[in-house]
Participant: 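Quick one: the structure is below, and I'll ask about it shortly.
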Amino acid sequence: MKKITSLIACTYFTISAFAQTVKPVYLDESQPIEKRVEDALTRMTLEEKVKMCHAQSKFSSYGVPRLGIPELWMSDGPHGIREEVLWDEWNGAHWTSDSCIAFPALTCLAATWDPQMAALYGKSIGEEARYRKKDVLLGPGVNIYRTPLNGRNFEYMGEDPFLSSRMVIPYIQGVQSNGVAACVKHFALNNQEIDRGHINVIIDDRALHEIYLPAFKAAVQEAGVWSIMGAYNQYKGQQCCHNQYLLNDILKQDWQFDGVVISDWGGVHNTEQAANFGLDLEMGTWTDGLSQGKANAYDNYYLADPLLKKIKKGEINIKVVDDKVRRLLKMIFRTVMNSQRPWGSFGTEEHALAGRTIAENGIVLLKNDKNILPINLNKIKKIVVVGENANKRMTLGGGSSSLKVKYEITPLDGLKKQIGNLAEIIYVKGYVSPLTEKRDPKPKIPVGYKEPNPEILLQEAINAAKDADIVLYFGGLNKNENQDSEGNDRKSYNLPYGQDRLISELAKVNKNIVVTIISGNAVAMPWIKEVPAIVEGWFGGTESGNAIASILTGKVNPSGKLPMTIAEKLEDYPSHALGEYPGDHVNVRYNEGIFIGYRWIDKQKKQTLFPFGHGLSYTTFDYGKIKISSKQMKNNDKITISIPIKNSGKIKGKETVQLYIGDEKCSFERPIKELKGFSKIELNPGEEKIVTFEITDEAFKFYDDKQKIWRTEPGKFKIYIGASSNDIRETSEITLL
Ligand code: BGC
């Protein structure tokens, strides 16, 4: 008996020691992730699985507490880590430790044309997210610039699929190197805010594949993004957040996406479709559609109790839920359960500097007659700064990308800091956006408040400008409703608040005027010929004003180039030319097909105010002779195209050399040329470098919508190398055999 007892005791000891040392497979990070996922899945009840598929608060979703699998926390995106909000409210939670660094808006990042800037951006914002214990960053956005009226263009990377594809990859890799999932958004065709919750996009397959999908595809296949956000709108009559074609067929089947499809907030409308058509995680504004429903009613979500009931009744197959949970577990293992991920850092000087560097590389010098810029502080002693945007905070407002920042340097602050007492700076408003205009946060309007009289503001500005050595005008758009702002589009291509008239009047009294546009969108410039210098300053984030001041004073030589066309008038954008914006409230037809932006401008032989790819420098660059390694190529060959570039001016500068390719003859209609390569180089005065592009037949492919494949057609292709889409310096030809 004694023997038996000691045997039992011994066995018990061994088992419990074993149990202490052997982790369950799903917790063992040395095991392959798929194995861990399968192990966790077998341990979960149906109820636990369904719980994982929907929100538990505004920005978090359930884990499996019983198994020690944590919840997932998310944050907007894409320019900084949003303030903490209450559990079930959009209102801020008033923390004192959540003031972030705002990075420049994504249009500005795209305007750097520099993947290294995108890598720096991704790494830095990822560190901010990680420090704040966010597992998913809701960004970057890569919806294509179809109309300059789209209120959210500032959150995206412009009009060209190649440029946005190259820039999105390092951003995502940088974020994810922190063990934080990027969530590329909004998949797909969310190219306007008007009627965004339901408008059905009718588009041909070529435009879909050649223009609107490539950046998402690059995010999935080249960057390995861990999550993607469905869009609010419809495609083929189905909501994009549960869309058989986009999510199941293209994303998950064709592209083999192994991450999580997250709904846009309140973008889910139907349980069966959400279950079967590719959505994995339902997040929400309230409980039903975009704005209705009850508070704290997460059990009512389409992928909550209604899903559970349908599975129990046998109306929905448990397999679809298993697939969602597999993906969610994988993302949890990649992020919050990755014990090796770094700790992150938040609100640091290093991040502020990163933001400033990105802004300085993205600001675009559009026009600079007689080299009025940079400001010559040896001669200029009186500077009059005009315009609300000189002094307006732009990191607030605009919708979900609105940020509570540690600080924000406005252009006026930046100028004062950098110019110091080298010149006198006088500020006059010139115009104001009415306080009664909808904006976020809502301002407190004092009792008896009257909006300032625009005529008086105008007169004040004219009087001040008359005897200035230089007038620095800061206007453009802002983040109020109907400007660059989520949920609604701009109402006009022209500048708001009477700015067009103000600029013209100022130019009449002082010829030395520099107009800096703060915006995420192109604007009409009826005064273009009246002013000698124009700068696109974008929304530059925390360090915006310092970056702008560096450019204006010449501390930094501008090197940004436009990621979108600035057309003369609204009707020069194809969606407007064809009357296909904003649609008829039910459908919007992208009848321009692949011809958007410069592809349309080239085809229509239109003049622009400033073409895609345009941006000046304080130095000049000479382009030498193009060289091609072979004038003929077969599919699978690699060809190099090179060109010497020389800095022919007196100061160091950066140039983005652009490679476009055009198919001379094809059985499918093709654009005259398309961007297929770019390279940003820095050159000292007098220095020359050879820029080399390596291309394969990928650069010649188009989407054959009959066969549903990407393919080439043999024949002649024209090679263009230029400083913008409309400033081609060298051309050549290649024959594809
Ligand atoms: C926006 C998303 C955002 C989400 C969460 C939605 O309204 O469209 O881009 O990530 O809200 O704030």
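Computation of the quantities below employed the complete heavy-atom set of this structure, encompassing side-chain atoms and omitting hydrogens, waters and symmetry-equivalent molecules. One-based numbering, in listed order, for ligands and for the atoms of each. Numbers for residues simply follow the sequence, beginning at 1.
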Participant: Hey, are R341 and D135 close enough for a salt bridge, meaning a charged N less than 4.0 Å from a carboxylate O?
Facilitator: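 Here R341 pairs with D135 in a salt bridge, since their nearest N and O are under 4.0 Å apart.
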Participant: Does ligand 1 have an atom under 4.0 Å from some heavy atom of R152?
Facilitator: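 Judged by the 4.0 Å heavy-atom criterion, R152 does count as contacting ligand 1.
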Participant: Between Y62 and H54, is the gap from one ring center to the other below 6.0 Å?
Facilitator: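 Yes, the ring of Y62 comes within the 6.0 Å limit of the ring of H54, centre to centre.
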Participant: Quick one: do E84 and R132 make a salt bridge, cutoff under 4.0 Å?
Facilitator: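 Judged by the 4.0 Å cut-off on N to carboxylate O distance, E84 and R132 do form a salt bridge.
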Participant: Pairs of nitrogen or oxygen atoms closer than 3.5 Å, one from D264 and one from ligand 1: do any exist?
Facilitator: yes
Participant: With heavy atoms of R82 as the reference, note each atom of ligand 1 found under 4.0 Å away.
Facilitator: 12 (O)
Participant: Could you check whether the rings of W113 and F612 sit parallel, tilted or perpendicular, using 30° and 60° as the cut-offs?
Facilitator: tilted
Participant: Any heavy atom of E486 sitting closer than 4.0 Å to ligand 1?
Facilitator: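 Yes; E486 lies near enough to ligand 1 that a heavy-atom distance drops under 4.0 Å.
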Participant: Y493 vs Y573 aromatic rings, parallel, tilted or perpendicular, using cut-offs 30° and 60°?
Facilitator: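 If you compare the ring of Y493 with that of Y573, the planes turn out perpendicular.
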Participant: Would M74 count as a contact residue for ligand 1, given that I'm defining contact as a non-hydrogen atom of the residue lying under 4.0 Å from a ligand atom?
Facilitator: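 The answer is no, since M74 has no heavy atom less than 4.0 Å from ligand 1.
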Participant: Please list the nearest protein heavy atom to atom 3 (C) of ligand 1 with its residue and the distance rounded to 0.1 Å.
Facilitator: D76 OD1, 3.2 Å
Participant: Using a 3.5 Å cut-off on N or O atoms only, is W265 in polar contact with ligand 1?
Facilitator: no
Participant: Give the residue and atom name of whichever protein heavy atom lies nearest to atom 9 (O) of ligand 1, and the separation in Å to one decimal.
Facilitator: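 Looking only at protein heavy atoms, the one closest to atom 9 (O) of ligand 1 is H186 NE2, 2.7 Å.
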Participant: Under 4.0 Å from a heavy atom of F59: give me the atoms of ligand 1 that qualify, with their elements.
Facilitator: 5 (C), 12 (O)
Participant: Are any of the heavy atoms in E193 under 4.0 Å away from ligand 1?
Facilitator: no
Participant: Do the two ring centres, one from H79 and one from F103, sit under 6.0 Å apart?
Facilitator: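 Not under 6.0 Å, so no.
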Participant: Give the numbers and elements of all ligand 1 atoms closer than 4.0 Å to a heavy atom of K185.
Facilitator: 2 (C), 3 (C), 9 (O), 10 (O)
Participant: Just jot down the ligand 1 atoms closer than 4.0 angstrom to any heavy atom of R196, in number order.
Facilitator: 7 (O), 8 (O)
Participant: With heavy-atom distances below 4.0 Å as the criterion, list the atoms of ligand 1 near L138.
Facilitator: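 Once the distances to L138 are compared, the set is 10 (O).
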Participant: Going by the atom numbers of ligand 1, which of them fall below 4.0 Å from some non-hydrogen atom of M229?
Facilitator: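 The list of qualifying atoms is 2 (C), 10 (O).
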Participant: Does a side-chain N-to-carboxylate-O contact under 4.0 Å join K479 and D440?
Facilitator: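 Salt bridge flag = no for D440 with K479.
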Participant: Identify whether the distance between the nearest side-chain nitrogen and carboxylate oxygen of E48 and K51 falls below 4.0 Å.
Facilitator: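 No, this pair does not count.
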Participant: State whether R146 and E592 are salt-bridged, where the test is any N-O pair (Lys NZ or Arg NE/NH1/NH2 against Asp/Glu carboxylate O) under 4.0 Å.
Facilitator: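 Salt bridge between R146 and E592, a charged N being under 4.0 Å from a carboxylate O: yes.
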